[in-house]
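Written below as structure tokens is the structure these notes are about.
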Amino acid sequence: MQIVRLLLAGVWACIVTVGASLALSYWKEGHAAPATKQDYAGGLVYEKTRVINVPMIAEGSVQGYIVAQFVFTADATVLRQLPVPPEAFVVDEAFRNIYSDENLDFKNLSRLDLAHFARTVREHVNRRLQAEVLQDVLVQDFNYVSKDQIRR
């Protein structure tokens, strides 16, 4: 009889311990501080675009390609509020400017005014996004590769 009492007391102690633990965990979960919205670091962020290849056409055929990559700076809070990422617009504006520039001497790129080019891309992208999103556009790579170099 005493063994049965001892076993019942042991089972009762385990049930009370498990019940108290569960009750405490549910109580703490219900009274936990509400999760605060995560604050993101503000300031400027730098984002790279993908590499673009712009065909250079002269004398009725493709003579080579301008290979370019850009970096743009923008305010982090403004970027998070945009419905679309600005990278596609930067790539599109850069491609359009390079492709449509009839004065571009692709065989002598040292004559290209990169500051004016970057400023134009920034202004056009901001106009298309209808906000001052981009702070600056930087040129990371800008090279001409001729058809002969591609074949090698």
Side-chain angles (χ1 to χ4, degrees), residues 13-152:
C14 289
I15 291 173
V16 169
T17 304
V18 169
S21 297
L22 286 174
L24 182 63
S25 67
Y26 284 120
W27 179 78
K28 283 183 104 177
E29 184 179 298
H31 289 85
T36 59
K37 186 178 177 184
Q38 184 178 1
D39 291 331
Y40 292 98
L44 289 179
V45 293
Y46 295 87
E47 292 194 15
K48 282 185 183 181
T49 65
R50 62 180 176 83
V51 176
I52 62 172
N53 301 306
V54 183
M56 293 289 100
I57 300 172
E59 301 168 4
S61 66
V62 174
Q63 301 297 313
Y65 295 88
I66 297 283
V67 180
Q69 185 174 24
F70 305 95
V71 176
F72 61 90
T73 62
D75 188 304
T77 55
V78 174
L79 278 181
R80 282 194 303 277
Q81 295 171 352
L82 287 176
V84 293
E87 187 221 356
F89 292 98
V90 173
V91 168
D92 180 63
E93 282 299 330
F95 189 98
R96 288 174 189 238
N97 283 329
I98 294 168
Y99 189 79
S100 66
D101 188 356
E102 293 178 5
N103 298 324
L104 177 65
D105 182 9
F106 55 87
K107 294 182 181 177
N108 187 8
L109 290 178
S110 64
R111 302 177 118 195
L112 180 65
D113 184 3
L114 289 176
H116 178 264
F117 173 78
R119 189 172 42 253
T120 303
V121 169
R122 180 182 58 84
E123 290 170 357
H124 287 192
V125 170
N126 284 341
R127 190 175 313 125
R128 285 174 70 178
L129 294 174
Q130 299 174 350
E132 286 296 317
V133 176
L134 301 184
Q135 302 295 320
D136 201 3
V137 174
L138 310 169
V139 179
Q140 180 163 337
D141 292 316
F142 201 89
N143 298 307
Y144 173 71
V145 180
S146 69
K147 260 189 347 186
D148 297 333
Q149 290 173 324
I150 292 173
R151 287 183 187 150
R152 287 187 228 153

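No hydrogens, no waters, no symmetry mates; every other heavy atom, side chains included, goes into these values. By convention here, the first residue in the shown sequence is residue 1.
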[X] and [Y]: which non-hydrogen atoms are nearest, and at how many Å?
X	Y	answer
Ala68	Phe142	CB-CD1, 3.7 Å
Ala118	Val137	CB-O, 3.2 Å
Leu22	Ser25	O-OG, 2.9 Å

Pairs flagged by side-chain hydrogen bond (donor to acceptor under 3.5 Å, both in side chains) wherever residues 57-66 is involved - sequence neighbours left out |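 Output for this query lists Ser61-Gln63.
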Any pair counted as side-chain hydrogen bond (donor to acceptor under 3.5 Å, both in side chains), so long as it reaches residues 120-133, sequence neighbours left out =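 Sorted pair list: Asp92-Arg128, Glu93-His124, Glu93-Arg128, Asn126-Glu132.
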Distance-only, no hydrogens or angles: does the Thr49 side chain make a donor-acceptor pair with backbone N or O of Phe70 under 3.5 Å?
->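 Yes, Thr49 side chain to Phe70 backbone: donor-acceptor pair under 3.5 Å.
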Would you say the side chain of Asp141 lies within less than 4.5 Å of the side chain of Val51, judging by non-hydrogen atoms?
->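 No, too far: nothing below the 4.5 Å cut-off.
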Who passes side-chain contact (heavy atoms from CB on, under 4.5 Å) against [X], sequence neighbours left out?
X	answer
Tyr99	Val54, Pro55, Ile57, Phe95
Val78	Asp75, Val133
Val71	Tyr46, Lys48, Leu138, Gln140
Val16	Trp12

Could you pull out all residues at least two apart from Phe72 that satisfy ring pair (Phe, Tyr, Trp, His ring centres under 6.0 Å)?
->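 If we apply the ring pair (Phe, Tyr, Trp, His ring centres under 6.0 Å) test to Phe72, skipping adjacent residues, there are no hits.
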